[in-house]
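Quick note: residue numbers are just sequence positions, from 1. Note that ligands are numbered from 1 as they come in the structure, with each ligand's atoms numbered from 1 the same way. Just so you know, these numbers come straight off a predicted model, no measurement behind them.
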Amino acid sequence: MIIKVDKLAQKIKSKIISLKDKNLKLVSVALEPDKATLAYLHSQEKLSKKLNIKYELKIATSKTELIKTIENLNNDESVNGIFLSQPLPFEPYEVLQYIDPKKDIEGITPYNLGNLIYGKSYFKPCTADSVVRILNNFTNLDGKNVAVIGRSVIVGLPVSIMLSNKENNATVTICHSHTKDLKNITLNSDIIVVATGIPEFLKKDMVRKNSIIIDVGINIKNGHIVGDVESDVKDIAYVTEVPGGVGEITSLILFENLIKVKL
Ligand SMILES: NC(=O)c1ccc[n+]([C@@H]2O[C@H](COP(=O)([O-])OP(=O)(O)OC[C@H]3O[C@@H](n4cnc5c(N)ncnc54)[C@H](OP(=O)(O)O)[C@@H]3O)[C@@H](O)[C@H]2O)c1
């Protein structure tokens, strides 16, 4: 059983189109991107064109150049949003801290993530926001038991904070590579959010019948994009698609945030 996100995607697209300002500009910065990263950045460029938003990609060859590029973009009034491509070969914090929080449309600078804990963030982290919106569109989260597998700063942790806040009222168990008896936790969960980056990590025998699974993973296996959930899990549970699903909504939220910069 598939959790479709088409209607949610269309709703966000319509909002972007109705509010868009022709002078909006997004700049993505990357450090020596690999093929998969470049493919993602090109899809971002294509979506910008569709939404009539100016787009530029800047590629740096060192951390120092990356920081310098970000500082220049912070001071460039023609740039509304900055997207930092990941993964990076060092702690992203070392660079993220330089992005002007007002241009941080990904919502992952220390300032915006700090405000998230207070429930005051202007830009919510877009992947986490995508997960929460898909869930809210599909079910009532109040009182549900959720297992979040993964505790990264950009996905697992903000998802856990957002799901357990007073808007959503879910009860969250954060799982990671040191978690003991993960299967026992997932089998006792109404909802599972999987963000491990391990292809087909979540297996059918780890999942309760009719549970809700949000697959955040985007992995390449044998030349194909696969998620963190094995394909037969959808025989017994409701699962988001990869590609599509979380990734599709995340990309749109990025542009929704870009428009917010100008409001
Ligand atoms: N759809 C989107 O828009 C979107 C956006 C961002 C990322 N992604 C994808 O989401 C996935 C996760 O990304 P990320 O940046 O969060 O990855 P990450 O930083 O590598 O974090 C992976 C997490 O998984 C945990 N983990 C690894 N092995 C485990 C195991 N055996 N049992 C339980 N937990 C385990 C790790 O635990 P430890 O902390 O103990 O190491 C870590 O917390 C990737 O496939 C990425 O491409 C998708």
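- Looking only at atom types and distance, the side chain of Ser28 has a donor-acceptor partner in the side chain of Gln44 under 3.5 Å away.
- In this structure, the side chains of Lys13 and Gln10 come closer than 4.5 Å at one or more pairs of heavy atoms.
- Ranking the protein heavy atoms by distance from atom 42 (C) of ligand 1 puts Arg151 N, 4.0 Å first.
- Near Ile149, meaning under 4.0 Å from any of its heavy atoms, are these atoms of ligand 1: 33 (C), 34 (N).
- Side-chain contact check for Thr196 and Asp228: at least one donor-acceptor pair (N or O, by modelled atom type) lies under 3.5 Å.
- Near Ile218, meaning under 4.0 Å from one of its heavy atoms, ligand 1 places the atoms 1 (N), 2 (C), 9 (C), 45 (O), 47 (O), 48 (C).
- Between the choices Ala195, Ser177, Pro125, the shortest heavy-atom distance to atom 37 (O) of ligand 1 belongs to Ser177.
- Taking 4.5 Å as the limit, every side-chain heavy atom of Ile2 sits out of range of all side-chain heavy atoms of Tyr238.
- The closest protein non-hydrogen atom to atom 3 (O) of ligand 1 is Thr250 OG1, 3.1 Å.
- Considering Leu96, Leu113, Ile108 as possible partners of Val153, the one that fulfils the side chain to side chain contact (heavy atoms under 4.5 Å, CB included) test is Leu113.
- The minimum heavy-atom distance between Pro110 and Gln97, with the atom names listed, is CD-CA, 4.0 Å.
- Contact check for Lys203 versus Lys183: no side-chain heavy atoms found under the 4.5 Å cut-off.
- Of the protein's non-hydrogen atoms, the one nearest atom 33 (C) of ligand 1 is His176 O, 3.1 Å.
- Nearest non-hydrogen protein atom to atom 20 (O) of ligand 1 is Thr196 O, 4.4 Å.
- Ligand-side atoms of ligand 1 in range of Gly197: 11 (C), 12 (C), 44 (C), 45 (O), range being under 4.0 angstrom from any heavy atom.
- At the top of the distance list for atom 7 (C) of ligand 1, counting protein heavy atoms only, stands Val155 CG2, 4.0 Å.
- Which of Asp215, Ile185, Val216 comes nearest to atom 48 (C) of ligand 1 through a heavy atom is settled by distance: it is Val216.
- Less than 4.0 angstrom separates some heavy atom of Thr127 from each of these atoms of ligand 1: 2 (C), 3 (O), 4 (C), 5 (C), 6 (C).
- For ligand 1 and Gly247, the ligand atoms under 4.0 Å from any heavy atom of the residue are 1 (N), 3 (O).
- With ligand atoms numbered from 1 in the order given, ligand 1 contributes 27 (C), 28 (N) to contacts under 4.0 Å with heavy atoms of Ile198.
- For His178, no nitrogen or oxygen atom sits less than 3.5 Å from a nitrogen or oxygen atom of ligand 1, counting backbone and side chain alike.
- Scanning the protein for heavy atoms near atom 25 (C) of ligand 1, the closest one is Gly150 CA, 4.0 Å.
- Closest to atom 18 (P) of ligand 1, if we only count protein heavy atoms, is Ser152 CB, 4.1 Å.
- Atom 32 (N) of ligand 1 has as its closest protein heavy atom Phe201 CZ, 3.4 Å.
- Put simply, the side chain of Ile249 reaches to within 4.5 Å of the side chain of Ile12, judged on heavy atoms.
- Take Phe201 and apply the ring pair (Phe, Tyr, Trp, His ring centres under 6.0 Å) test, not counting sequence neighbours, and it matches no residue.
- Leu135 and Ile191 make their closest contact through CD2-CG2, 3.8 Å (heavy atoms, listed as atom of the first residue, atom of the second, distance).
- With a 4.5 Å cut-off between side-chain heavy atoms of Ile, Leu, Val, Met, Phe, Trp and Tyr, the cluster of Tyr93 takes in none.
- Ligand 1 does not have Thr179 within reach: every non-hydrogen atom of the residue lies 4.0 Å or more from it.
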